[in-house]
*Asks:* 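Take this structure first; my questions come after.
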Amino acid sequence: MEYRCVKCGFRIKTLFVQYSPGNIRLMKCENCRAVADEYIECEIMILLIDLILHKPQAYRHLLYNVLNSETVNLKGILWKSTVGFLLLDAYRSLLLSRSNEGQSSSMSFSLLAWIFQKMLKDVVLGNVMFLGVFLHASRILLNTSAGASSFKDFLLAVLISSYFKIFLVAMMVWNFPSSVIYIIDLFVLSSNTVALKG
């Protein structure tokens with residue numbers, strides 16, 4: 001199993017040496033001579049704050065040193081995060097359709113089925129096109145052939161870095177203008193770019 005230095009992205013064999021329970025020594029990177037992964041000793045809130053601040057080191061820690069195929073079930077994480085991603089995107093599509101056309105309080109079953117069919121088509125086709133274009137663009141523009149080489153790694157990076165979509169849930173409680181959806185989309189795209197670049 002190989003880890004990555006969070007500073008430079010260089011591959012390393014181990015992140016720390018454990019002498020006794022609670023007594024560890026963090027390893028240094030052979031390339032940059034810095035501590036390979038200081039997030040090992042940090043609380044989860046520090047990691048979340050650094051993810052919100054778009055620090056590439058936090059994404060490297062999460063994607064390479066925490067979520068690797070030997071320590072967690074990647075298939076389960078991919079399925080769960082894909083379902084969450086699609087549900088949040090479906091809610092985004094519903095919010096946009098409601099803001100564009102005035103919804104009446106009484107709807108027939110056929111109208112609800114048509115809205116569901118349209119939303120399902122928008123979400124599935126839109127995300128397939130987005131992932132295809134984003135994968136192609138990231139391979140060309142960001143030179144991610146070494147970092148996110150397989151489609152699973154790419155998909156995991158996009159899904160994990162799309163955590164800003166969770167702010168759509170706040171729109172269930174509070175009434176925000178529809179422009180907030182586009183601001184969330186910009187945050188998601190910038191977070192995707194930082195995750196794939198790292």
Side-chain angles (χ1 to χ4, degrees), residues 3-11 37 39 42 44-69 71-96 119-172 176 178-198:
Y3 298 103
R4 298 272 179 107
C5 172
V6 296
K7 300 282 187 199
C8 66
F10 191 73
R11 293 180 190 268
D37 191 352
Y39 287 104
C42 293
I44 191 73
M45 285 307 296
I46 302 295
L47 179 65
L48 288 174
I49 290 169
D50 285 352
L51 287 172
I52 290 171
L53 293 174
H54 287 19
K55 291 191 175 181
Q57 295 90 354
Y59 285 105
R60 283 189 196 118
H61 168 74
L62 188 62
L63 294 171
Y64 296 119
N65 298 341
V66 174
L67 299 176
N68 57 33
S69 58
T71 58
V72 294
N73 179 10
L74 281 184
K75 194 174 187 179
I77 288 176
L78 279 174
W79 278 110
K80 290 173 188 174
S81 54
T82 300
V83 168
F85 180 86
L86 291 175
L87 283 174
L88 288 171
D89 214 33
Y91 183 65
R92 176 193 169 278
S93 179
L94 181 66
L95 285 174
L96 285 175
M119 194 170 48
L120 184 65
K121 181 184 71 173
D122 286 348
V123 167
V124 171
L125 289 177
N127 281 307
V128 166
M129 287 174 34
F130 168 75
L131 286 174
V133 168
F134 208 61
L135 176 65
H136 186 65
S138 68
R139 294 239 170 141
I140 291 171
L141 298 175
L142 297 177
N143 285 333
T144 58
S145 58
S149 56
S150 73
F151 184 71
K152 262 188 186 176
D153 293 338
F154 173 80
L155 185 62
L156 183 67
V158 168
L159 291 173
I160 295 296
S161 63
S162 296
Y163 62 89
F164 269 109
K165 284 187 184 253
I166 200 74
F167 290 116
L168 290 171
V169 175
M171 296 183 84
M172 292 180 189
F176 289 107
S178 61
S179 62
V180 172
I181 296 172
Y182 299 113
I183 294 169
I184 291 172
D185 285 345
L186 286 174
F187 278 126
V188 168
L189 281 175
S190 66
S191 181
N192 292 154
T193 305
V194 171
L196 290 174
K197 199 172 184 180

*Asks:* Of the non-hydrogen atoms in N192 and S162, which two are nearest, and what is the gap between them?
*Replies:*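 Heavy atoms of N192 and S162 come nearest at ND2-OG, 3.2 Å.
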*Asks:* Which pair of heavy atoms, one from I184 and one from K165, lies closest together, and at what distance?
*Replies:*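 Heavy atoms of I184 and K165 come nearest at CG2-CA, 4.2 Å.
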*Asks:* Assess whether atom CE of M129 is packed by more than 12 heavy atoms of other residues, nucleotides or ligands within 6.0 Å.
*Replies:*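 Incorrect, the count does not exceed 12.
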*Asks:* If you look only at distance, which donor and acceptor atoms sit under 3.5 Å apart when one is on a side chain in residues 77-88 and the other is two or more places apart or in another chain?
*Replies:*
from, atom 1, to, atom 2, distance (Å)
S81, OG, I77, O, 2.6
S81, OG, L78, O, 3.4
T82, OG1, L78, O, 2.6

*Asks:* From I181 CD1 over to Y91 OH, what is the distance, rounded to the nearest 0.5 angstrom?
*Replies:*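 Going from CD1 on I181 over to OH on Y91, the span is 8.0 Å.
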*Asks:* Considering non-hydrogen atoms only, spot the tightest contact between A195 and S161 and give its length.
*Replies:*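 A195 and S161 have their closest heavy atoms at CB-CB, 3.5 Å.
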*Asks:* How many angstroms lie between atom NE2 of H61 and atom CG of L67, to the nearest 0.5 angstrom?
*Replies:*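 Between atom NE2 of H61 and atom CG of L67 there are 9.0 Å.
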*Asks:* Under 3.5 Å, side chain of Y64 to main-chain N/O of G9, donor-acceptor pair present?
*Replies:*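 Between the backbone of G9 and the side chain of Y64 there is no qualifying donor-acceptor contact (under 3.5 Å).
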*Asks:* Do the ring planes of F164 and F167 sit parallel (below 30°), tilted (30 to 60°) or perpendicular (above 60°)?
*Replies:*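 Judged by the thresholds at 30° and 60°, the geometry between F164 and F167 is tilted.
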*Asks:* Looking at side-chain heavy atoms only, is the closest gap between L47 and I44 below 4.5 Å?
*Replies:*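 L47 vs I44: side chains touch.
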*Asks:* Kindly give the heavy-atom pair with the smallest separation between K55 and V194, and that separation in Å.
*Replies:*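 Heavy-atom minimum between the residues: C-CG1, 4.4 Å.
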*Asks:* Parallel, tilted or perpendicular: which one describes the rings of F187 and H54, with boundaries at 30° and 60°?
*Replies:*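 Rings of F187 and H54: perpendicular, over 60°.
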*Asks:* So do Y163 and V188 actually touch side chain to side chain, heavy atoms under 4.5 Å?
*Replies:*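 They are not in side-chain contact.
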*Asks:* Do Y39 and N65 make a side-chain contact, defined as non-hydrogen atoms from C-beta onward lying under 4.5 Å apart?
*Replies:*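 When only atoms from C-beta onward are counted, N65 and Y39 do not touch, as no gap falls below 4.5 Å.
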*Asks:* Under the criterion salt bridge (Lys or Arg N to Asp or Glu O under 4.0 Å), I'd like the reasoning laid out for R60 against D37: C-alpha separation, chi angles, the key distance, then a yes or no.
*Replies:* CA-CA 9 Å; R60 283 189 196 118; D37 191 352; over 6 Å; no
*Asks:* About how many Å separate CD of Q57 and CG of L62, when rounded to the nearest 0.5 Å?
*Replies:*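 Reported to 0.5 Å precision, the distance equals 13.5 Å.
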*Asks:* Work out which heavy atom in M119 is nearest to a heavy atom in S93; give both atom names and the distance.
*Replies:*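 Nearest pair, atom of M119 first, then S93: CG-OG, 3.7 Å.
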*Asks:* If you round to the nearest 0.5 Å, how far is CD1 of I46 from CG of L51?
*Replies:*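 The CG atom of L51 sits 11.5 Å away from the CD1 atom of I46.
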*Asks:* Any chance you could measure L196, atom CG, to Y59, atom OH, to the nearest 0.5 Å?
*Replies:*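 One gets 10.0 Å once the value is rounded to the nearest 0.5 Å.
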*Asks:* Is any side-chain heavy atom of R92 less than 4.5 Å from a side-chain heavy atom of D185?
*Replies:*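 With C-beta onward as the side chain, the pair touches.
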*Asks:* Once you round to the nearest 0.5 Å, how far does CZ of F176 lie from CG of L168?
*Replies:*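 Spacing of CZ (F176) from CG (L168) equals 10.5 Å.
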